[in-house]
Each structure stands twice: as structure tokens, then as C-alpha cells.
Amino acid sequence: GEDWTKAFEYLVRSGDRAKDAYANSAALDWYARALDAAGRAAPPVTRRRVVEVHQRRGHILVSTARIEEAIAEGQRMLDLARAENDRPLEGEALADIAYAHYMTLSWDHMPDFKRYAEEALVIAREVDDERLLARTLYLIGSLDLMESRLTEASGKFDESLRIARTVGEENECLFGH
């Protein structure tokens, strides 16, 4: 019926159901359709909602080893968060991009991984986002571990876990999924 705002919400829910059922291809398709509907909606869908869809797509793409596509979704998310001047969402986007670079398991991606994770860490502290702080400390600790800086890695992991326990998200907050 050309109600694109309502269509957007239905498509996102369909994507969520497919994602929860591990029907990753279907979820990606539903989310792509939701983004298309968002572009047609009047009144417009909020940027925050659009960013959330890009984030969900990115998480699926990382989990299915489609890393370059995940990085591109993260970049779209980052651009929208910056356009909205939403610092917490910008931090989430930076952490997602960092994690995607990390998941390449390639030393060529480590400089980008480090840069994005450190930018996310600055924002996490700036906006006092404990969940994001725990996540970015874990990411940076992972790089310390890979580079044989064991004491530094241990300190970051300990702090990350302490924060995660405080906010009650030991499992979810470290990876953002």
C-alpha cells in the first residue's frame, strides 16, 4: 500500500526473525529491502534506525566471513552516525569496523583494526559508555596479545571483564552481537 515507513518496520522484523533462525542469506535480503523502503519512506525513517539495520547486516556479514562487505556496512553506519552527530553510535560503528578488520586474521588489516579500535575507545570514554568501553578494551587487548604484549593484554582483558560484569553483559558486550 505504499506505506514505506510501515514496510520498513515489517521488513526489519522479518530480517530479525531470519537472523535469529540463522537464515543469514534471508536476513541480509530482508534488511536490504528494509533499507530500500527507508529510502522511500515519508516521513523519513530516522538515521538511527537505518544505522541499526546496517549494523545488523554487518554482524551477519562478519559471521559469514564476508569481511569486506562487513567493513563497507560499518563505513555506511559510521557515515550516518557522523551525519547525525551521534557520538555513541559513531563509537559503535568504529568498534564494528575494527572487529571486522580483526576477523580478517590478516596482519595487513591490523593497522586499520588498531586505528578504528582506538578511535572507538576515545569515544567510549568521552560519552561514558561502559558497554562500548568494555568492548573496545577487549579488542585492543586482543591486538596486544597478538603482538606479544602480554602484560598490557592481560590488563585490558581484566578491565574489560570487570566492566562487562558491572553492566551485566559478559557475553554480548565484548563482540557487539
Side-chain angles (χ1 to χ4, degrees), residues 16 19-20 22 24 27-28 31 46-177:
D16 290 346
K19 177 180 61 79
D20 292 345
Y22 300 99
N24 294 322
L28 290 170
Y31 291 143
T46 66
R47 280 191 187 135
R48 178 170 266 289
R49 288 291 289 141
V50 171
V51 167
E52 291 168 358
V53 175
H54 283 294
Q55 186 172 42
R56 290 171 185 162
R57 284 181 52 82
H59 290 175
I60 293 168
L61 291 165
V62 165
S63 71
T64 58
R66 294 168 58 182
I67 304 299
E68 293 303 322
E69 292 171 83
I71 291 169
E73 287 293 335
Q75 189 60 54
R76 287 183 199 98
M77 185 181 163
L78 181 60
D79 293 343
L80 290 166
R82 286 180 171 161
E84 191 70 18
N85 199 26
D86 186 329
R87 294 292 279 170
L89 202 53
E90 181 181 351
E92 283 290 323
L94 290 164
D96 281 359
I97 295 168
Y99 184 66
H101 280 289
Y102 173 74
M103 291 304 294
T104 65
L105 305 176
S106 166
W107 282 109
D108 293 339
H109 283 259
M110 290 308 112
D112 288 328
F113 164 62
K114 181 178 181 179
R115 179 171 56 92
Y116 286 110
E118 288 176 346
E119 286 180 46
L121 181 64
V122 167
I123 291 173
R125 288 189 169 131
E126 171 191 317
V127 301
D128 197 28
D129 184 331
E130 293 290 300
R131 181 185 168 281
L132 181 60
L133 181 59
R135 184 174 179 214
T136 55
L137 285 168
Y138 184 86
L139 289 169
I140 295 169
S142 297
L143 181 62
D144 287 342
L145 185 64
M146 291 168 41
E147 293 179 342
S148 299
R149 291 190 306 272
L150 304 182
T151 303
E152 293 88 344
S154 179
K156 287 181 181 85
F157 289 149
D158 287 346
E159 185 178 359
S160 175
L161 187 55
R162 181 190 56 73
I163 294 167
R165 286 183 175 142
T166 300
V167 297
E169 299 187 21
E170 295 95 351
N171 296 321
E172 182 198 334
C173 75
L174 299 181
F175 299 105
H177 298 106

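Side chains are part of it too, since the values below use all heavy atoms of this structure and drop only hydrogens, waters and symmetry mates. Note that the numbering runs from 1 along the sequence shown for the chain. All figures in this text were calculated on a predicted structure; none of them were measured in a lab.
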Qualifying ring pair (Phe, Tyr, Trp, His ring centres under 6.0 Å) pairs with a residue from residues 62-84, counting only residues at least two apart or across chains: none

Asp96 and Arg135, any side-chain heavy atoms less than 4.5 Å apart: yes

Identify every side-chain donor-acceptor pair in residues 117-127 under 3.5 Å, counting partners at least two apart or on other chains, and give the distances.
from: Glu126; atom 1: OE1; to: Arg87; atom 2: NH2; distance (Å): 2.6
from: Glu126; atom 1: OE2; to: Arg87; atom 2: NE; distance (Å): 2.9

Sequence neighbours left out, cut at 3.5 Å: what donor-acceptor pairs do the side chains of residues 139-153 make with other protein atoms?
from: Ser142; atom 1: OG; to: Tyr138; atom 2: O; distance (Å): 2.9
from: Asp144; atom 1: OD1; to: Arg149; atom 2: NE; distance (Å): 3.2
from: Asp144; atom 1: OD1; to: Arg149; atom 2: NH2; distance (Å): 2.5
from: Asp144; atom 1: OD2; to: Lys156; atom 2: NZ; distance (Å): 2.7
from: Glu147; atom 1: OE1; to: Arg149; atom 2: NH1; distance (Å): 2.3
from: Glu147; atom 1: OE1; to: Arg149; atom 2: NH2; distance (Å): 2.9

Pairwise distance CG(Leu61) to CD(Glu69) - rounded to 0.5 angstrom: 5.5 Å

Value rounded to 0.5 Å, distance of CD in Glu90 from CG in Asp79: 10.0 Å

Main-chain N/O of Ala83 paired with Arg47 side-chain donor or acceptor, under 3.5 Å: yes

Glu92 side chain near Arg131 side chain, heavy-atom distance below 4.5 Å: yes

Residues which pass side-chain contact (heavy atoms from CB on, under 4.5 Å) with Asp112, listed by chain and number, not counting sequence neighbours: His101, Arg115, Tyr116

4.5 Å side-chain heavy-atom contact, Asp86 and Arg48: yes

Minimum heavy-atom distance between Ala100 and Ile71, given as atom pair plus value: CB-CG1, 3.6 Å

For Asn24, all residues meeting side-chain contact (heavy atoms from CB on, under 4.5 Å), sequence neighbours excluded: Ile60, Thr64

Basic-acidic side-chain contact under 4.0 Å: Arg66, Glu73: no

Sub-4.5 Å side-chain heavy-atom contact between Gln55 and His59: yes

CG (Asp20) with more than 12 external heavy atoms under 6.0 Å: yes

Name of the residue among Tyr99, Tyr102, Trp107 meeting ring pair (Phe, Tyr, Trp, His ring centres under 6.0 Å) with Phe113: Tyr102

Test side-chain contact (heavy atoms from CB on, under 4.5 Å) applied to Ile67 and His109, step by step: CA-CA 11 Å; Ile67 304 299; His109 283 259; 5.5 Å; no

Met110 side, atom CE; Asp108 side, atom CG - distance, nearest 0.5 Å: 9.0 Å

Nearest-0.5 Å distance, CG of residue Leu89 to CE of residue Met77: 5.0 Å

Point-to-point distance, once rounded to the nearest 0.5 Å, from CG of Leu78 to NE2 of His54: 12.0 Å

With sequence neighbours excluded, residues passing side-chain contact (heavy atoms from CB on, under 4.5 Å) with Ser154: Asp158

Distance (rounded to the nearest 0.5 Å) between Leu161 CG and Leu137 CG: 11.5 Å

Closest approach of Ala164 to Ala134 (non-hydrogen atoms, all atoms of both residues): N-CB, 4.1 Å

